Asker: 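Sharing a structure below in structure tokens format, with a few things to ask.
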2 protein chains.
Amino acid sequence: MARQARALATRQAVLLAAAEVFDERGYAAATMSEILDRAGVTKGALYFHFHSKEELALAVIEGQGAWVATWTPSSDSPVQTLIDLGYAFAHALQDDPLLRGSIRLTIEHGSFTQPQIAAYQGWMDLVRDLLQNARDAGELRPGIDLVAASGVITGAVTGIQLSSQVLAGRRDLIRRMADLWTLLLPGLVQPQVLARLNPDEQT
Amino acid sequence: MARQARALATRQAVLLAAAEVFDERGYAAATMSEILDRAGVTKGALYFHFHSKEELALAVIEGQGAWVATWTPSSDSPVQTLIDLGYAFAHALQDDPLLRGSIRLTIEHGSFTQPQIAAYQGWMDLVRDLLQNARDAGELRPGIDLVAASGVITGAVTGIQLSSQVLAGRRDLIRRMADLWTLLLPGLVQPQVLARLNPDEQT
DNA sequence: GGTAGGATACCTACTGGACGGTATGCGCCC
DNA sequence: GGGCGCATACCGTCCAGTAGGTATCCTACC
């Protein structure tokens, strides 16, 4: 187990390169050669750390779990926290190639249905917990189905992100997130709470 | 140009099989052999009608234009028409393999950015026109940005559809659409109009 | 503190197979 | 009988993965 520093570095280089290529091309169209070139690593090195293309993809998918783990709530208002999470996610998508690749692999359904469902479910659980807090704090409108709402929010963010990616290379992602919250919040929270919230990004 | 009936039949068979395979596997992972097997057609026949894999994919993408062309408004309320369009789209996704394949190819960004953007834009234009009618009919809340709203709606439907596909094979798509409208409508339409609308499916 | 020796980390050359595409030929309808 | 519609055999390429060798490091014993 005594890992060497160099080994960790190459492992990270491979992971990063793989995430980039998976993000740009998708799993099937991504080739090992391109990942190797971009990582500046030889085949032997790669296959020492990851035994197959699929295993490499699974490791990339794990990346979003790591990202969520580092995230911390930002506000005392659960709904505002949810909004801020959306923006934090959007910024990470623009800056963090590993998260990008992870999301693309999660979204395109291919060979690994199981990890994908787990990843989706993780997001939905996170959102549902925040909504539960919001209900406890009296922020939500009555009659909201938490599971349904978390499904809608997760799905909508997925779609917003995807269309922004296809149409504008994710450049207008922040604006689209603001548009989404503007439309979504009135159906989600109490009117008097709505006035307190900021659907745009906090600066 | 004097096409024979048999030729049209094989062309349709190829198109249908291709849409199915593209829907299930995505463009890159789809193989010509599987399309050939499923269409019950030989390579020569296929390549007589479509000169390359890419050309075949483009023909499949066209399918959604054809679907939209056959669609007709259902209600005198523009917003209700928009809702019904969503459900009609959802049902078509469950029943029409050609539309399914077309949507998958549009959503996964790969080699053909141009037709994809055109397809997206077509949906957004359609939604924006309906919203414009809704504004003219006094159904919309004041201050709604039509372009932003059409982007959000199109994106959200895309995401809802995608998550339903990954998580449940599109089986819960209708329910998720209802959840979406329930959450979205209060931010979109005037309160007194909201009471008249039916966010669930018309039967 | 020098060195044996095993484990860790990596390199290069290669392989089998599948894939998209083509060349050529043949029947059958107008 | 000519061209439309299709069948079959084939080709070059590229891909994921592997075999087997080599360098680099860690440990331990003197």
Side-chain angles (χ1 to χ4, degrees), chain A residues 1-61 101 104-105 108 110-113 115, chain B residues 1-61 101 104-105 108 110-113 115:
Chain A
M1 291 301 148
R3 286 263 173 80
Q4 298 176 206
R6 182 188 50 151
L8 281 173
T10 63
R11 198 193 140 90
Q12 272 308 109
V14 168
L15 215 52
L16 181 66
E20 282 179 19
V21 177
F22 284 143
D23 174 49
E24 292 169 21
R25 314 229 181 272
Y27 178 75
T31 71
M32 288 302 200
S33 326
E34 189 170 1
I35 295 174
L36 295 174
D37 284 356
R38 227 179 272 204
V41 155
T42 63
K43 226 164 200 189
L46 189 150
Y47 275 94
F48 174 79
H49 290 283
F50 306 94
H51 299 79
S52 70
K53 187 183 180 183
E54 182 169 344
E55 189 179 316
L56 181 53
L58 292 177
V60 170
I61 291 186
R104 164 120 197 209
L105 289 180
E108 71 170 25
S111 338
F112 1 85
T113 22
Chain B
M1 287 299 151
R3 288 261 175 80
Q4 298 178 207
R6 181 187 51 152
L8 280 174
T10 63
R11 197 194 142 89
Q12 272 309 108
V14 168
L15 214 54
L16 181 65
E20 283 179 19
V21 177
F22 284 143
D23 174 49
E24 291 168 23
R25 314 229 182 270
Y27 179 75
T31 71
M32 288 292 160
S33 326
E34 187 170 2
I35 295 174
L36 295 175
D37 285 357
R38 226 180 272 205
V41 155
T42 64
K43 226 167 198 189
L46 189 151
Y47 275 93
F48 174 80
H49 290 283
F50 306 94
H51 298 77
S52 70
K53 187 184 183 183
E54 182 169 343
E55 189 179 318
L56 181 52
L58 291 178
V60 170
I61 290 185
R104 165 117 195 210
L105 289 180
E108 71 171 23
S111 339
F112 2 84
T113 22

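It should be emphasised that the depicted structure is a prediction, and the values quoted were computed from it without experimental measurement.
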Asker: Taking CG from B:L36 and P from D:dA9, how many angstroms apart are they, rounded to a whole number?
Answerer: 15 Å

Asker: Could you pull out all residues at least two apart from B:E55 that satisfy salt bridge (charged side-chain N to carboxylate O under 4.0 Å, His left out)?
Answerer: none

Asker: Expressed as a whole number of angstroms, how long is the span from A:R11:CZ to C:dC10:P?
Answerer: 11 Å

Asker: Of all the nucleotides listed (D:dA7, C:dC19, D:dC4), which has the minimum atom distance to the side chain of B:A45?
Answerer: D:dA7

Asker: Between A:L46 (CG) and D:dC15 (C1'), how many Å, whole number?
Answerer: 14 Å

Asker: Rounded to whole Å, how long is the line connecting atom CG of A:L8 with atom C1' of D:dC25?
Answerer: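 Spelled out: CG on A:L8 to C1' on D:dC25 is 14 Å.
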
Asker: Once side-chain contact (heavy atoms from CB on, under 4.5 Å) is applied, do any residues pair with A:A18, and if so which ones, sequence neighbours excluded?
Answerer: A:F22, A:I35, A:L56, A:V60

Asker: What integer distance in Å separates A:D37:CG from D:dC15:P?
Answerer: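 To the nearest whole Å, that distance equals 10 Å.
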
Asker: With a 4.0 Å cut-off on heavy atoms, is B:T42 in touch with a base, just the backbone sugar-phosphate, or nothing at all?
Answerer: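 B:T42: base contact, heavy atoms under 4.0 Å.
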
Asker: Using atom CZ of A:F48 as one end and atom P of D:dG21 as the other, report the distance to the nearest whole Å.
Answerer: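 Checked: the CZ to P distance equals 18 Å.
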
Asker: For nucleotides 21-30 of chain C, give me one character per nucleotide, 5' to 3': B if any protein heavy atom sits under 4.0 Å from the base, S if the only such contacts are to the sugar-phosphate, - if neither.
Answerer: BB--------

Asker: Could you tell me if the side chain of A:L105 sits less than 4.5 Å from the side chain of A:E108, heavy atoms only?
Answerer: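 In short, these two side chains touch, coming nearer than 4.5 Å.
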
Asker: Mind checking what makes side-chain contact (heavy atoms from CB on, under 4.5 Å) contact with B:Y47, not counting sequence neighbours?
Answerer: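 Partners of B:Y47 by the side-chain contact (heavy atoms from CB on, under 4.5 Å) criterion, ordered by chain and then number, come out as B:M32, B:K43.
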
Asker: Tell me, with the steps shown, if B:F50 and B:L58 meet side chain to side chain contact (heavy atoms under 4.5 Å, CB included).
Answerer: CA-CA 10 Å; B:F50 306 94; B:L58 291 178; over 6 Å; no

Asker: Just jot down the side chain to side chain donor-acceptor pair (under 3.5 Å) partners of A:E34, sequence neighbours excluded, or say none.
Answerer: A:R25, A:R38

Asker: Categorize B:A30 for me: base, sugar-phosphate, or nothing, with a 4.0 angstrom heavy-atom threshold over every strand shown.
Answerer: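 Sugar-phosphate contact only - B:A30 comes under 4.0 Å of backbone atoms but never of a base.
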
Asker: Not counting sequence neighbours, which residues clear side-chain contact (heavy atoms from CB on, under 4.5 Å) with B:L16? List them please.
Answerer: B:E20, B:P97

Asker: Under 4.0 Å between a side-chain N/O of A:H49 and OP1 or OP2 of C:dT8, yes or no?
Answerer: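 Looking at the OP1 and OP2 atoms of C:dT8, neither is under 4.0 Å from any side-chain N or O of A:H49.
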
Asker: Rounding to an integer number of Å, can you tell me how far A:E55 CD sits from D:dA16 C1'?
Answerer: 14 Å

Asker: Between B:Y27 (OH) and C:dC19 (P), how many Å, whole number?
Answerer: 14 Å

Asker: Does the side chain of A:T10 get closer than 4.0 angstrom to OP1 or OP2 of C:dC10 through an N or O atom?
Answerer: yes

Asker: Pick base, sugar-phosphate or nothing for A:A9, based on heavy-atom distances below 4.0 Å to the nucleic acid.
Answerer: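 Since no nucleic acid heavy atom lies under 4.0 Å of A:A9, the category is nothing.
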
